[in-house]
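Contents: one structure, followed by commentary.
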Amino acid sequence: IGFCLNRVCLFLVFSSGLIMMRRTLCNLCQWRRAAGAAVTLQGFGGSDKLTFSTLEDNLIPAADEILIKNSVAGVNYIDTYFRQGFRTFQMPSKGPITPIVLGVEGGGWVEKVGENVTHLNTGDQVVYLTLQGGSYAEKTLVSQNMVHRVPAEMEMATCVTALLQGLTAHFLLNDSFNVTSKSTVLVHASAGGTGSVICQLAKHYGAHVIGTCSTEEKRRLSIQNGCDDVILYNDVDFETEVKRITNNIGVDVVYDGVGKTTFEKSLRCLRRRGSMVCFGAASGQPDPVSIMTLSNLGSLTLSRPMLFDFVATKDEWNERVKDTFRLVCEGVLRCGSPTVFGIDQVKVAHDLLEGRKTTGKILLQLPGGL
């Protein structure tokens, strides 16, 4: 009897182990958000950590998910933060995920939908954002809460070009600080992907727009984007110029996606009770600032907002995307022609982006895309 009981116990232990192993493998499958040809990350660091892989094509959407066959993926500065390990993708469970596939923005066609998805069907053209990564791949699993059908009057590439930068400008100028016709704003990198859209929207709201950039070509683009004054920061001190332009009053708000090299002087460009809005760090993370510094400089406000907190619900997402696309269709926001790289040129794309040698949007073309 004792021998039989021991065999039963061993069988139960073995069976329990198999069940746990199957659950673990299922969880790992759920963690993987991409399939097919993909750009994977082999350790954190520079663009040399980006490699190419072919991932198994067996993804099945959960009830509230959509499987998308990508045409294009947006290349954004936030991708470099994930690549360097400054940010981590939000996964269904704690723990590491391998392989990591970069990309938070993309566009393509719906391939499969989960049982709770009712607003989209197989074959629909869509654009999306995701904080779980995976758009640098042929196929991506995404939450239905941040997927939007491509409007009939717009091209998919245009929608992806306008999506992240347009939504970012929208919340920065309406929520982080309410820009009006009485506002004077300072926008760093005014010819860049996000900076150019901020300038256009600020001008649409009637603000006085001051931009900073590095070259005469970018100065010309900044003026086209709506800047009333453009400062070439390699030639003059932008703090001195801002004070001259504003008669030593300062600006109401600074929109800074540059970071370390502009942060300290930007604080001194603000008027009393002005707002410093940091939304990126192309030159590196700013040094820590004492809260008393904000008080001593005139009761300033400092924020470091992130887009995904302003499209956190399905309603927020839909309302902001619809309004952004409306502004594009009306010609208020002009995103220009994107620079398109093949997926095999992703390292070049990242190097150009980090070297601040680009103007406008960068897209990666996936196999069979565009």
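Worth saying up front: this structure is predicted, and the values here are computed from it rather than measured. Residues: numbered from 1 along the sequence shown.
Checked against Leu186 for a side chain to side chain contact (heavy atoms under 4.5 Å, CB included), the options Val242, Thr246, Asp256 give a single hit: Val242. Partner of Asp79 under the side chain to side chain contact (heavy atoms under 4.5 Å, CB included) criterion, chosen from His350, Arg87, Gln84: His350. Applying the side chain to side chain contact (heavy atoms under 4.5 Å, CB included) test between Met276 and each of Val289, Leu270, Val253, Leu300 identifies Leu270 as the sole match. Among the candidates Val150, Leu167, Leu163, Thr158, the single residue satisfying the side chain to side chain contact (heavy atoms under 4.5 Å, CB included) test with Phe325 is Leu163.
Between Glu316 and Arg320 there is no salt bridge, since no side-chain nitrogen of the basic residue lies less than 4.0 Å from a carboxylate oxygen of the acidic one. Using a 4.0 Å cut-off between charged nitrogen and carboxylate oxygen, Asp252 and Arg271 count as a salt-bridge pair. A salt bridge is defined here as a Lys NZ or Arg NE, NH1 or NH2 lying under 4.0 Å from an Asp or Glu carboxylate O, and Arg268 with Glu264 meets this definition. Under a 4.0 Å N-O distance rule, the pair Lys265/Asp237 qualifies as a salt bridge.
Contact detail for Tyr255 and Leu173: the closest heavy-atom pair is OH-CA, 3.6 Å. Across all their heavy atoms, Asn121 and Asp124 have their closest contact at N-OD2, 2.8 Å.
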Evaluate side chain to side chain donor-acceptor pair (under 3.5 Å) for Tyr205 paired with Asn178, printing each intermediate quantity in order. CA-CA 10 Å; Tyr205 291 157; Asn178 185 26; over 6 Å; no
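The local environment of CD1 in Ile60 is sparse, with at most 12 non-hydrogen atoms from other residues, nucleotides or ligands closer than 6.0 Å.
Rounding to the nearest 0.5 Å places OH of Tyr128 at 10.0 Å from CG of Leu141. Here Ile210 contributes atom CD1 and Cys199 contributes atom SG; the two are 10.5 Å apart, rounded to the nearest 0.5 Å.
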